[in-house]
Number of protein chains: 4
Amino acid sequence: MPKVSKKYKEEKVAAILDASAHCFAEKGYNDTTVDDIAKASGTSKGSIYLYFSSKEEIFYRLNERRTEKFFEIKKQLVEQNSASAKFEYLFRHLLSGAIEKEDLNTIAVQFEFWIYISKNDKESLFDARVKMFTTLIKDIVEEGIETGEFRKDVNTDEFSKLFWSMMDGIVLHLLFHKNDSEHKRMVRLYERMVSTYLKIQP
Amino acid sequence: MPKVSKKYKEEKVAAILDASAHCFAEKGYNDTTVDDIAKASGTSKGSIYLYFSSKEEIFYRLNERRTEKFFEIKKQLVEQNSASAKFEYLFRHLLSGAIEKEDLNTIAVQFEFWIYISKNDKESLFDARVKMFTTLIKDIVEEGIETGEFRKDVNTDEFSKLFWSMMDGIVLHLLFHKNDSEHKRMVRLYERMVSTYLKIQP
Amino acid sequence: MPKVSKKYKEEKVAAILDASAHCFAEKGYNDTTVDDIAKASGTSKGSIYLYFSSKEEIFYRLNERRTEKFFEIKKQLVEQNSASAKFEYLFRHLLSGAIEKEDLNTIAVQFEFWIYISKNDKESLFDARVKMFTTLIKDIVEEGIETGEFRKDVNTDEFSKLFWSMMDGIVLHLLFHKNDSEHKRMVRLYERMVSTYLKIQP
Amino acid sequence: MPKVSKKYKEEKVAAILDASAHCFAEKGYNDTTVDDIAKASGTSKGSIYLYFSSKEEIFYRLNERRTEKFFEIKKQLVEQNSASAKFEYLFRHLLSGAIEKEDLNTIAVQFEFWIYISKNDKESLFDARVKMFTTLIKDIVEEGIETGEFRKDVNTDEFSKLFWSMMDGIVLHLLFHKNDSEHKRMVRLYERMVSTYLKIQP
DNA sequence: AATGAATGAGGTTTCATTCAT
DNA sequence: CATGAATGAAACCTCATTCAT
């Protein structure tokens with residue numbers, strides 16, 4: 001019988017992850033000390049290690065959490081009744097998501113994480129992740145081709161990979177100019193480009 | 001009158017930068033020690049500090065060097081006699097550049113550097129850099145609009161920023177899949193998308 | 001009126017001591033954590049501190065228990081009707097005792113304990129212990145001298161101290177070679193040496 | 001070309017080992033911190049790691065050094081012209097050696113080291129060490145048997161192992177009673193016992 | 001009485017930087 | 001100019017002990 005409720009534990013974990021995201025975003029993974037996280041999360045250094053086995057694990061879990069959160073979008077996507085509508089919904093989501101401040105912290109960490117695992121990825125975490133993301137796009141594009149919404153000559157594999165590459169690039173630059181409205185304009189322009197490319201020209 | 005020739009000093013600096021690029025690419029900025037750089041460059045730890053004031057400065061100079069190197073492309077671009085030809089040349093360069101292994105090392109460092117300065121940039125290094133890059137594209141697009149090669153309704157500011165955002169995204173993903181031929185296909189597809197977007201539809 | 005029976009408490013203490021002996025033997029005193037002991041004894045970390053004031057106290061009590069257990073031999077020794085018979089019985093006991101696996105664990109801890117108290121012994125625990133052990137031997141030798149079984153010129157004080165020194169050395173080496181049969185041969189040879197030394201040569 | 005002479009380096013290593021022996025003897029391996037060693041050796045914590053890769057390595061080297069030092073006795077032993085003379089010399093050495101204070105520190109560490117490797121010995125360091133020591137005795141005893149000095153029925157293997165077991169026991173007890181003169185009497189009595197056992201009774 | 005979450009001092013080790021040679 | 005030994009601050013992580021439940 002556990003001493004504290006499952007809910008309590010989850011909240012604690014969430015608090016530490018939130019604090020970590022905040023610290024990592026501010027100082028970067030390396031320059032953030034476990035002490036920093038402890039202070040930011042309102043617990044003690046020792047407590048951190050009750051919930052995570054290492055600073056690295058926090059890093060991993062943070063990424064996991066964000067990815068999971070993003071994929072909740074799937075439920076909404078299936079409800080859209082055309083490929084175009086799905087793209088529209090996706091872009092609406094990407095635009096809204098980037099604006100929320102709480103998410104913004106995590107974006108910075110996301111990129112550091114990738115750089116990090118590009119050097120330490122033993123379980124090919126990255127490959128799995130890429131597959132998840134590309135599949136999301138590929139399915140929509142294929143649907144669009146079938147329904148006649150999109151051009152037939154699109155290489156769906158390549159396109160869906162490119163889609164996220166470019167989107168990541170846009171988000172990466174957001175980190176630097178830190179200008180929400182500019183970012184939004186970028187994303188909208190990107191949407192237009194994608195649309196121009198996919199759609200059958202009248 | 002300096003004791004050693006200017007040439008000698010430049011060679012030494014170059015050797016240290018080369019070694020650093022190699023080490024940073026392999027282990028990342030943080031995990032690379034000054035000892036690593038000393039060993040890789042064939043000098044001593046003490047000597048490093050004769051030519052650079054800190055490990056951080058090496059990081060900065062490395063980025064500078066790479067940017068300078070890239071902008072040598074300007075000389076070639078002016079020789080192309082149309083906006084389309086300039087884009088073509090640029091893409092040819094981007095494709096060739098990514099293939100050279102020596103450059104590939106530096107790409108990884110580039111991103112780490114950006115993440116790094118996104119947290120420590122006091123002199124808004126990033127803004128200056130972005131301006132240089134966007135201007136390069138903006139000039140070409142404007143030329144294309146004037147000559148009637150490209151659509152008139154392109155927002156040149158936004159487009160040129162977006163251009164590099166997306167390109168950076170593509171390069172970023174190269175770091176992870178590490179697959180040259182796939183990367184090339186991405187870049188070519190990207191070229192087609194850009195072209196489709198810019199050009200007047202017949 | 002205690003809330004739980006004395007018997008319950010004793011069982012709990014015994015369980016913790018057993019578990020500690022096991023853990024200490026496996027990982028050593030320092031590398032054994034209170035968590036290890038808690039897990040091995042089937043209680044909680046908090047409970048340990050209901051029965052012992054510190055990890056160190058467990059160490060002390062463990063030694064006490066073992067010493068007490070050993071001195072139960074006294075009851076058997078008085079029943080032997082000659083000094084030689086007593087020595088014989090003692091050796092038979094030492095041989096049997098070393099073989100029992102449960103005791104073997106405790107031997108390792110014993111030495112660690114001695115090393116430990118050799119640095120921290122404030123109550124001269126060691127002196128008291130040595131006296132108990134030497135007296136056991138001294139009494140037998142004196143009896144043997146009186147009855148004419150042993151040489152008259154034996155310095156009983158020195159001999160009895162030496163007896164345990166050497167015996168401890170033999171047990172110490174058992175810890176390392178971990179070879180029961182070899183250990184037995186050692187002890188038997190030792191018995192012969194002691195016998196050769198004590199007995200009047202015919 | 002090394003910056004400092006080989007001699008300098010050796011002295012530094014020796015100083016750290018001396019300081020370690022002192023600290024370990026006083027507080028034990030575990031309770032001695034690297035800070036303690038640094039302070040005692042008059043250097044900085046960081047410097048320790050220039051000469052040793054870990055605290056554990058210091059422990060290992062300390063043992064090595066002492067063993068090497070002891071085996072210098074071999075040169076003297078071969079000059080003794082009978083097995084009895086060799087034993088005599090050995091005991092004279094053991095008696096003198098124990099008295100020197102500088103060695104006394106190292107004795108304490110020796111035992112801790114054994115306990116330590118009995119739990120962590122991956123390269124069976126102990127076996128190698130035992131072989132070296134037993135061979136030393138075995139050779140003398142075999143010589144004595146050949147020359148007719150000693151009894152023919154001695155099991156040389158067992159005897160030489162037992163010899164060191166018992167001797168170690170005596171030294172172990174020295175650690176506790178810390179009484180040099182008593183220790184000497186023990187060793188002399190031990191010598192007599194060994195002699196009584198080995199020699200042909202007239 | 002029993003639990004196990006919380007604590008924080010303290011352990012080992014690393015490394016950017018300095019400076020005497 | 002070149003070197004690499006020396007430094008010591010700080011990092012991550014552990015764990016004996018406490019205490020609210």
Side-chain angles (χ1 to χ4, degrees), chain A residues 1-5 8-9 12 30-39 42-58, chain B residues 2-5 8-9 12 29-39 42-58, chain C residues 2-5 8-9 12 29-39 42-58, chain D residues 1-5 8-9 12 30-39 42-58:
Chain A
M1 88 210 98
K3 182 146 188 217
V4 295
S5 68
Y8 173 87
K9 210 167 173 173
K12 200 92 203 223
N30 269 286
D31 290 350
T32 297
T33 70
V34 177
D35 253 312
D36 289 335
I37 298 173
K39 242 158 252 169
T43 39
S44 67
K45 212 177 355 180
S47 271
I48 305 280
Y49 287 89
L50 284 177
Y51 298 97
F52 298 91
S53 67
S54 67
K55 190 180 144 189
E56 200 186 22
E57 206 210 330
I58 298 180
Chain B
K3 275 190 180 169
V4 295
S5 71
Y8 175 84
K9 198 170 175 178
K12 202 94 201 213
Y29 174 70
N30 271 287
D31 289 352
T32 297
T33 69
V34 177
D35 252 312
D36 289 335
I37 298 173
K39 235 159 262 167
T43 35
S44 67
K45 212 172 1 174
S47 272
I48 306 274
Y49 284 86
L50 290 175
Y51 300 99
F52 298 91
S53 67
S54 68
K55 189 179 148 190
E56 201 186 20
E57 206 210 329
I58 298 179
Chain C
K3 275 189 180 169
V4 295
S5 70
Y8 175 84
K9 197 169 176 178
K12 203 94 200 214
Y29 174 71
N30 270 286
D31 290 351
T32 296
T33 69
V34 177
D35 253 313
D36 288 335
I37 298 172
K39 235 158 263 169
T43 36
S44 67
K45 215 175 357 178
S47 272
I48 306 274
Y49 285 86
L50 290 175
Y51 299 99
F52 297 91
S53 67
S54 68
K55 190 179 148 191
E56 201 186 21
E57 206 210 330
I58 299 180
Chain D
M1 86 211 101
K3 183 145 187 220
V4 296
S5 68
Y8 174 86
K9 210 168 174 172
K12 199 94 203 219
N30 268 285
D31 290 351
T32 297
T33 70
V34 177
D35 251 314
D36 289 336
I37 297 173
K39 243 158 251 169
T43 38
S44 67
K45 212 173 357 178
S47 271
I48 305 280
Y49 286 88
L50 285 177
Y51 299 97
F52 298 91
S53 67
S54 67
K55 190 179 145 190
E56 200 186 21
E57 207 210 329
I58 298 179

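All values derive from a computational prediction rather than experimental measurement. To find a chain, count down the sequence lines: A is the first, B the second, and so on, and within it residues start at 1.
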Self-check item: Rounded interatomic separation in angstrom, taking CG from D:Asp35 and P from E:dT13
Solution: 12 Å
Quiz item: What are the two closest non-hydrogen atoms of C:Tyr29 and C:Lys55, and how far apart are they?
Solution: O-NZ, 3.0 Å
Exercise. Check the distance between F:dT14's C1' and A:Phe52's CZ and give it to me in whole angstrom.
Key: 18 Å
Exercise. Would you classify B:Ser53 as touching base, sugar-phosphate or nothing, given that sugar-phosphate means primed atoms plus P, OP1 and OP2, and contacts are heavy atoms under 4.0 Å?
Key: nothing
Quiz item: Which pair of heavy atoms, one from D:Ser44 and one from D:Ala38, lies closest together, and at what distance?
Solution: C-CB, 3.7 Å
Quiz item: By a strict heavy-atom criterion of less than 4.0 Å, which residues belonging to residues 43-51 of chain D are in contact with DNA chain F?
Solution: D:Thr43, D:Ser44, D:Lys45, D:Gly46, D:Ser47, D:Leu50, D:Tyr51
Quiz item: So what does D:Lys9 hit on the nucleic acid, given a heavy-atom distance under 4.0 Å: a base, only sugar-phosphate, or nothing?
Solution: nothing
Quiz item: Quick one: which of D:Asp35, D:Asp36, D:Asn30 gives a side chain to side chain contact (heavy atoms under 4.5 Å, CB included) with D:Thr32?
Solution: D:Asp36
Exercise. Pick base, sugar-phosphate or nothing for A:Tyr8, based on heavy-atom distances below 4.0 Å to the nucleic acid.
Key: sugar-phosphate
Exercise. Please figure out whether C:Gly42 or B:Glu56 has its closest DNA chain E nucleotide nearer the 5' end.
Key: C:Gly42
Quiz prompt | Separation of atom CD in D:Glu57 from atom P in E:dT12, rounded to whole Å | solution = 15 Å
Quiz prompt | Spacing between A:Lys39 atom NZ and E:dT7 atom C1', to the nearest angstrom | solution = 14 Å
Quiz prompt | Integer-rounded Å distance: F:dC15 P and C:Asp36 CG | solution = 8 Å
Exercise. Could you state the atom-to-atom distance from CG of B:Asn30 to P of F:dA10 in whole Å?
Key: 16 Å
Exercise. Go ahead and write out DNA chain E as dot-bracket, 5' to 3': ( ) for pairs within the strand, [ ] for ones crossing earlier pairs, | when the partner sits on another strand, dots for unpaired; Watson-Crick or G-U wobble, both distances under 3.5 Å.
Key: .||||||||||||||||||||
Quiz item: If you check the B:Thr33 side chain, which of E:dA16, F:dC12, F:dA16 turns out closest?
Solution: E:dA16
Self-check item: Straight-line distance of C:Ile37 CD1 to C:Ile58 CD1, nearest 0.5 Å
Solution: 4.5 Å
Quiz item: Any side-chain heavy-atom pair from A:Thr43 and A:Leu50 closer than 4.5 angstrom?
Solution: no
Quiz item: How do D:Lys12 and A:Ser54 order along DNA chain F: which one's closest nucleotide is nearer the 5' end?
Solution: D:Lys12
Quiz item: To the nearest Å, how far apart are D:Ile58 CD1 and E:dT12 C1'?
Solution: 11 Å
Quiz prompt | Separation of E:dG10 P from D:Lys55 NZ (nearest whole Å) | solution = 15 Å
Practice problem: Quick one: list whatever passes side chain to side chain contact (heavy atoms under 4.5 Å, CB included) with B:Tyr49, sequence neighbours left out. | Solution: B:Val34
